[in-house]
Each structure stands twice: as structure tokens, then as C-alpha cells.
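Counting starts at 1 for both ligands and their atoms, following the listed order. Since this is a predicted model, take the numbers as computed values, not measurements.
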Amino acid sequence: MQAKRGLLVVISAPSGGGKTTVIHEILKTNDDLFQYSISATTRKPRGREQDGVDYYFISEEEFKRRIEASEFIEWARVHGHYYGTPKKPIDDAISSGKIIFLDIDVQGGLEVKKKYGDDALLIFIMPPSIEELEKRLRGRKTESDEEIARRLAAVPVEIEKSKYYDAVVVNNDLSETVRKVKDMIYKTYQAKAGGSRAHD
Ligand code: 5GP
């Protein structure tokens, strides 16, 4: 049995908090049901990121055109760049009963909750400590010192906003975090469907 309406799963975390890894681990487990919302951004690709896979990398001019054309369900300026969630895949996922993951910041998450209410589940992944976060950010060697400082400076505000999220999961151990997040998602989805659905 499949739910009539899908579910938007917003995963937020401070930069370097491990949310992208958590999302990828979960996406691998149920291809039929899970989808990923690819955001548009004006920042440049980092490391091995690919256009149309990790993000749609677009110019500021094109980004502003899309805002005007109401092509985003939400958009925000984060760490000096624009990021936005394209509307069409979200609408399609909801109407076809899919679970779609949004890797977006806390401002975006709260905006999604305002617009989508019970169709959205907001999960915040909390790093075990600021020291660990800084270590991971430096370890990935994809940002300049200035960029790292900017990302670390945003952490207290992000943590403050996480109190409005449906759940906060401390990421001490990746597989444990993945299990907890998956459980929450299936429970919420099943409750919405008003019935049971087997999962792996
Ligand atoms: P990064 O540049 O590290 O990929 O992402 C920086 C921040 O922007 C992260 O917190 C990420 O979740 C957030 N982000 C990515 N896409 C979107 C989006 O479409 N909307 C919003 N509001 N934030 C986004």
C-alpha cells in the first residue's frame, strides 16, 4: 500500500555535520520510494560535485529570474551564496506518494514547514561537538580558511533554530544516526498513510 500523499524530509545540520553522508546512506536503501531534491545554487562546484547531480549550478541572474517566476518553494542566502529548492519535483513527489529529501539550511526548513505543514518532517543532525565539526570541515579540504570561519560562525544560530524542528539527532555514530533517521521517516510516512507498509 502506498500513501496518497508523499512526504518531504528536510535534513539540516551545520556545514560539515555529516548530513550529506546520512542522506546518501538512506537513499541507497529504498530506491523506489526515496528521492532527492536537487537545489539550485549560485556557488561554484566544489571537489567532485556535478551539475544536475549535487546541485544545479546557475548564475545569479538566472537565480533571480527563477525567483521572479516562482520556480522555488523556498530560497535563502546562505554563507554568501543563493540556494533554492525547485518546486516541480516537490509537487510531483507529494502527488505520487514519494519520500523526497531536502538537504537545506534551517531558514529553508522552517519555510518548508510553514508551507507544507504535516507533509514535511524536519530533522536536524547535531554534530557531536564544535571541535569535531571544525575537524571535519578542515579535513575535507574543499573550503578556504575564510569560508570555514564563515560556516563555523553560523553554527550557534543554526542550533538555536533547530528547536523548531520535529527531531534532533546527535551524530555520534553514522550507522546509528542512519537507523534513527530512517525509523522516524517510516513512522511518519506510515502514520500519514494511515496504514502499514513493509520496508527493508
Ligand atoms: P553547501 O554549500 O555546503 O553545499 O551548502 C551550504 C548550506 O546551504 C547547507 O546548510 C545546505 O543544506 C544549504 N542548502 C543547500 N541547498 C539549499 C536550498 O535549496 N535551500 C536552502 N534554504 N538551503 C540550502
Fill in: Identity and separation of the nearest protein heavy atom to atom 10 (O) of ligand 1
K19 NZ, 3.7 Å
Worksheet entry | Mutual orientation of the aromatic rings belonging to F34 and Y186 [parallel < 30°, tilted 30-60°, perpendicular > 60°] | tilted
Worksheet, complete the sentence: In terms of its nearest heavy atom to atom 3 (O) of ligand 1, the top option of R151, E111, R43 is R151
Response to the item:
Heavy-atom nearest pair, D54 first then R48, reads OD2-O, 4.3 Å
Worksheet item: Of all the non-hydrogen atoms in the protein, which one sits nearest to atom 7 (C) of ligand 1, and at what distance?
Response: V78 CG1, 3.7 Å
Discussion item. Taking a cutoff of less than 4.0 Å between a non-hydrogen atom of the residue and any ligand atom, is H81 in contact with ligand 1?
Written reply: no
Discussion item. Using a 3.5 Å cut-off on N or O atoms only, is G84 in polar contact with ligand 1?
Written reply: yes
Fill in: atom 6 (C) of ligand 1: nearest protein contact (heavy atom, Å)
Y83 OH, 3.5 Å
Discussion item. Can you list everything that forms a side-chain contact (heavy atoms from CB on, under 4.5 Å) with R43? Sequence neighbours excluded, please.
Written reply: T41, R46, E49, Y55, F57, H81, Y83, R151
Discussion item. Test your reading of the structure: does D105 have an N or O sitting under 3.5 Å from an N or O of ligand 1?
Written reply: yes
Item to complete: Could you list the atoms of ligand 1 found under 4.0 angstrom from a heavy atom of G108?
Response: 22 (N)
Worksheet, complete the sentence: Atoms of ligand 1 under 4.0 Å from any heavy atom of A76, numbered from 1 in the order shown, are 22 (N)
Worksheet item: Charged N to carboxylate O below 4.0 Å: is that the case for K161 and E158?
Response: no
Worksheet item: If you measure every N/O of E74 against every N/O of ligand 1, is any gap under 3.5 Å?
Response: yes
Discussion item. Looking at non-hydrogen atoms alone, which of I73, D103, T85, T41 comes nearest to atom 11 (C) of ligand 1?
Written reply: D103
Practice prompt. List in chain and number order the residues that pass ring pair (Phe, Tyr, Trp, His ring centres under 6.0 Å) with Y116, two or more places apart in sequence or in another chain; answer none if no residue qualifies.
Written response: none
Discussion item. Measuring centre to centre across the rings, with the benzene-like ring taken for any Trp, is F63 within less than 6.0 Å of Y82?
Written reply: yes
Discussion item. Among all the protein's non-hydrogen atoms, which is closest to atom 16 (N) of ligand 1, and how far away is it?
Written reply: S39 OG, 3.1 Å
Discussion item. Contact between K64 and E60 at the side-chain level, heavy atoms closer than 4.5 Å - yes or no?
Written reply: yes
Fill in: Any Y55 heavy atom less than 4.0 Å from ligand 1
yes
Worksheet item: Salt bridge or not for E68 and R65, using N-O below 4.0 Å?
Response: no
Practice prompt. May I have the step-by-step check of side-chain hydrogen bond (donor to acceptor under 3.5 Å, both in side chains) for D103 and T20, ending in yes or no?
Written response: CA-CA 7 Å; D103 173 343; T20 309; 3.3 Å; yes
